[in-house]
Amino acid sequence: MQEPAQTSAPPPLTEAQRTAVEHEGSPLLVLAGPGSGKTRVITHRIARLVRGGQFPSSVLALTFTNKAAGEMRRRLETLLVEQGDAAQRIVAGTFHSFGARVLRRFAEEAGVPADFTVLDADDQERACKQAIEESGEGGGRFTPRAVLTEIGGFKDQLLMPDTVAAQAIDWRARTMARLYAAYEKVLRRNSSLDFDDLLVRTALLLRDHAEARERLQRRFRNILVDEYQDTNHAQFCMVLELAREHRRLCVVGDPDQSIYGWRGADIRNILQFETHFPDAVVVPLGENFRSTRPIVEAASAVIQHNRQRRVKVLTSMRGDGKSPRYERCVDEHSEASRVVQEVQAAADHGVPWRGMAVLYRMNSMSRVLEEALRRAQIPHQVVRGTAFYDRREVRDAVAYLRLAANPQDELALSRVANVPARGLGGTSLDRLELHAATQGVPLLEVLRTPDAAGVSGRAATGARKLAELVLAWRREAEAGPAETLPDLVSRVLRESGLEAHYLQEDRSEADEGESRTENLAQVVTAAGDFISERMATESLDEDGTPPLRTALDALRGYLERIALVSDSDAFDPESGAVTLMTLHAAKGLEFPLVCVVGLEQGSLPHARAMDTPGDLEEERRLCFVGMTRAEDTLLMTSAASRTIRGQPMATVESMFVRELPAGVERSDRSGYDGDMDDGDGIDEPPRARTGLRAGMRVRHPLFGVGTVEGVAPRGSSTAVRVNFASAGRKTLILEFARLQVLG
DNA sequence: CCGTCCGAGTTTTTT
DNA sequence: ACTCGGACGG
């Protein structure tokens with residue numbers, strides 16, 4: 001086991017890296033392959049700017065996750081140690097957090113409420129549900145999910161409801177336009193913005209409001225964008241508007257690692273950078289310092305199957321190493337054991353747990369792996385940043401806090417009005433909210449005087465009590481200084497009755513894992529962490545973020561932070577544990593040992609992305625991203641049978657496996673090949689690797705139960721012949737047949 | 001108004 | 001497998 005690169009003195013910048021760091025005078029595009037030192041280029045470039053006399057506060061570094069921003073700041077602190085607090089003054093953050101910050105500062109100009117709250121995914125859905133009902137489309141014709149996807153698409157394109165309505169050509173489009181308008185109305189009523197708004201409103205502000213634009217252009221004279229391949233149109237507009245005057249812009253990215261097309265990322269932003277900025281200079285970085293040659297070769301072989309691609313050669317600078325392995329396992333349990341065996345062996349050779357990662361396509365695949373690791377007593381962490389804030393008790397706590405920050409927040413109110421039970425049920429709540437909406441009375445006021453809305457008895461008492469509480473919290477929030485945030489949070493949790501409520505639940509529930517009250521306590525702790533972190537940096541920021549003076553300011557900041565945490569933010573490189581995460585969350589990270597599991601059709605590539613060529617290429621890039629996370633050891637696995645939603649399904653090996661070069665060692669432990677055919681017509685080598693063989697009992701959703709008679713490749717897929725008890729003999733395409741294996 | 005039971009639909013990836 | 005919403009009885 002060799003020493004990790006970080007401990008030795010950093011190697012000098014390569015020729016190409018230096019060109020990228022030192023280029024001046026026109027926009028710069030750095031096309032950086034995996035492991036080519038892209039973060040290093042950005043940080044060195046910033047350091048050089050600052051040493052060359054640029055104000056640190058004029059540097060804006062936009063990243064994809066908060067984690068990446070933090071990491072960048074950390075590295076800059078080392079590089080700029082002689083420049084005092086320069087690193088602290090640099091503005092580094094996600095597009096979303098930067099948007100939130102700008103909108104707070106220019107709320108009036110942007111036409112957003114100054115005290116807006118940011119909706120999390122859950123509330124977004126509630127808001128959408130409400131919009132659907134209010135616009136009379138409640139018949140279940142559209143799911144909130146589908147509507148939100150569509151609205152998100154509009155927003156990515158900076159289309160406002162009236163524009164969408166004007167362009168609507170058919171009934172469906174007109175309905176969507178109506179739903180979009182209704183949704184916006186709900187948001188306005190709640191003084192809320194959703195994730196997309198943070199980008200859209202900022203982009204529009206910059207585009208339409210000359211004064212704000214010029215101020216921000218003057219402030220942020222040096223702009224750097226990381227992961228540029230994953231920006232959408234709104235983000236592109238933000239960058240364009242900010243940089244168009246001074247043109248001191250540097251974007252870094254890799255088209256081969258563009259994996260967010262599904263949420264509007266427009267790969268053309270990077271592919272056509274020179275069209276947008278004709279004098280742009282392009283610096284390719286193709287030398288990989290991360291992975292051994294066999295790993296780079298395997299990953300390159302796969303990505304070369306993409307047709308829509310700007311060809312780029314990736315060369316390993318690390319030289320020879322272990323061949324990557326691919327193994328086909330019986331099912332997800334044997335796959336998990338194989339992973340355990342692999343990490344165990346690596347540990348025996350001195351690889352620390354934190355140097356190992358297991359990557360999968362879907363979060364649902366983590367469970368079996370977790371269990372296997374737990375049984376083997378191997379320390380592991382599952383990276384799912386939102387998991388903590390997904391818990392019921394935590395969401396309730398956050399809802400109460402949001403109510404304290406913004407009493408207009410009906411979404412929060414409807415969540416906790418009756419938790420714990422205070423006699424204020426759905427019927428009364430609807431009545432109160434309706435009254436508030438029709439009479440134009442603030443919600444808090446209606447809660448205080450429920451009789452005016454025709455609510456009396458138990459429900460009225462509950463409403464009055466709640467209004468009292470919210471009012472008292474708010475008064476304290478306004479009066480107290482920012483440092484008292486944890487006290488405020490703790491008070492809210494106590495007085496709301498949540499603490500007692502969940503204490504009771506903890507007692508009654510026959511102990512399963514961590515307690516809900518402990519999680520509530522965590523919310524207080526997190527508030528403390530937030531405030532001390534902010535206090536440390538904010539005094540350095542002369543304009544931009546309004547300073548946190550009162551506990552109310554602090555509360556808003558905290559809530560915003562909570563709304564903007566991402567999955568990958570939960571990754572703790574120091575944890576001393578094996579890391580489990582999705583392929584998406586793994587972007588930008590590296591590990592001596594990586595296992596990519598679930599290389600099956602339907603999984604990687606995902607079933608929803610298999611039919612569209614463009615989507616399929618994105619899945620291939622995802623595979624590429626996963627493989628290139630590995631420094632020394634890469635294990636890829638698939639399971640011949642995988643249990644999906646409680647049903648074991650026969651799987652077909654991923655098409656990407658076929659694209660792996662000869663240098664990859666393959667083995668099949670699924671035990672199924674060898675006796676797959678019954679010597680009857682449809683069999684010939686190479687044999688299909690499936691979990692099925694003649695004689696097995698299967699169930700088909702339409703044809704019922706039957707016996708497999710033969711399995712064979714057919715074209716690019718696999719044919720299975722099954723004799724069904726009721727439907728007779730059928731030949732099915734395994735990829736589509738959804739066959740369930742019976743025990 | 002509150003709790004519980006049952007059936008339906010559902011998951012890809014995330015700021 | 002798991003969550004959510006509707007129905008129903010207390």
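Excluded from the calculations below are hydrogen atoms, water molecules and symmetry mates; all remaining heavy atoms, backbone and side chain alike, are included. In what follows, every chain begins at residue 1, and chains take the letters A, B, ... in the order their sequences are listed.
Residues satisfying the salt bridge (charged side-chain N to carboxylate O under 4.0 Å, His left out) criterion with A:Arg395, sequence neighbours excluded, are A:Asp122, A:Asp390. Applying the salt bridge (charged side-chain N to carboxylate O under 4.0 Å, His left out) criterion to A:Glu617, with sequence neighbours excluded, gives no partner residue. With sequence neighbours excluded, no residue forms a salt bridge (charged side-chain N to carboxylate O under 4.0 Å, His left out) with A:Arg629. Every side-chain hydrogen bond (donor to acceptor under 3.5 Å, both in side chains) that A:Arg422 has, sequence neighbours left out, goes to A:Tyr400.
Atom NZ of A:Lys587 is separated from atom C1' of B:dT13 by 12 Å (rounded to the nearest Å). When rounded to the nearest whole Å, the span between NE2 of A:His606 and P of B:dT14 equals 12 Å. Nucleotide B:dA8 holds its P atom 22 Å from the CZ atom of A:Arg145, rounded to whole Å. Taking atom CE of A:Met581 as the reference point, atom C1' of B:dT14 lies 15 Å away to the nearest angstrom. Spacing between atom CZ of A:Arg263 and atom P of B:dT15 amounts to 6 Å, rounded to whole angstrom units. Regarding A:Met362, its CE atom lies at a distance of 13 Å from the P atom of B:dT11, rounded to whole Å. Following rounding to the nearest Å, A:Asn66 (CG) and B:dT14 (C1') show an atom-to-atom distance of 12 Å. A straight line from CH2 of A:Trp262 to P of B:dT13 spans 8 Å, rounded to a whole angstrom.
For the pair A:Ser97 (side chain) and A:Gly93 (backbone), a donor-acceptor distance under 3.5 Å is absent.
The separation of B:dT13 from C:dC4, taken at their P atoms, amounts to 16 Å, rounded to a whole angstrom.
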Table of protein N/O atoms under 3.5 Å from nucleotides 2-7 of chain B N/O atoms:
from	atom 1	to	atom 2	distance (Å)
B:dC2	OP1	A:Asn418	ND2	3.2
B:dC2	OP1	A:Gly423	N	3.2
B:dC2	OP2	A:Asn418	ND2	2.7

Could you go through nucleotides 3-10 of chain C and list every protein N or O atom that sits under 3.5 Å from one of its N or O atoms, giving the distance for each pair?
from	atom 1	to	atom 2	distance (Å)
C:dG5	OP1	A:Lys129	NZ	2.9

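Proximity of A:Asn363 to the phosphate of B:dT11: no side-chain N or O atom is located under 4.0 Å from OP1 or OP2. In this structure, A:Thr582 reaches the B:dT14 phosphate: one of its side-chain N or O atoms is under 4.0 Å from OP1 or OP2.
Under the 3.5 Å distance criterion, with hydrogens and angles disregarded, a donor-acceptor pair is assigned to the side chains of A:Asp396 and A:Tyr502.
Two residues are said to be in side-chain contact when any heavy atoms from C-beta on lie closer than 4.5 Å; A:Ile259 and A:Trp262 fail this criterion.
Taking for each of A:Leu199 and A:Arg608 the nucleotide of DNA chain B with the nearest heavy atom, the 5'-most of the two is the partner of A:Arg608. When the nearest nucleotides of DNA chain B are assigned to A:Ala563 and A:Ser364 by heavy-atom distance, the more 5′-ward of the two goes with A:Ser364.
Among the heavy atoms of the strands, none lies under 4.0 Å from A:Phe95. Note on A:Arg367: only backbone sugar-phosphate atoms sit closer than 4.0 angstrom, heavy atoms only; bases stay farther off. A:Thr643 comes within contact range of no nucleotide atom at all, as no heavy-atom separation falls under 4.0 Å.
A salt bridge is absent between A:Arg367 and A:Glu370; no separation between the charged side-chain nitrogens and carboxylate oxygens falls under 4.0 Å.
For A:Tyr260, the side-chain atoms get nearest to B:dT14 when compared with the rest of B:dT11, B:dT15, B:dT14. The nucleotide whose nearest atom lies closest to any side-chain atom of A:Thr143 is, among B:dT15, B:dT11, B:dT10, B:dT10.
Remark: A:Arg104 is positioned above the aromatic ring of A:Phe116, its terminal NZ or CZ atom under 6.0 angstrom from the ring centre and at most 45 degrees off the axis.
Separation of the A:Phe154 and A:Tyr183 ring centroids does not fall under the 6.0 Å cut-off.
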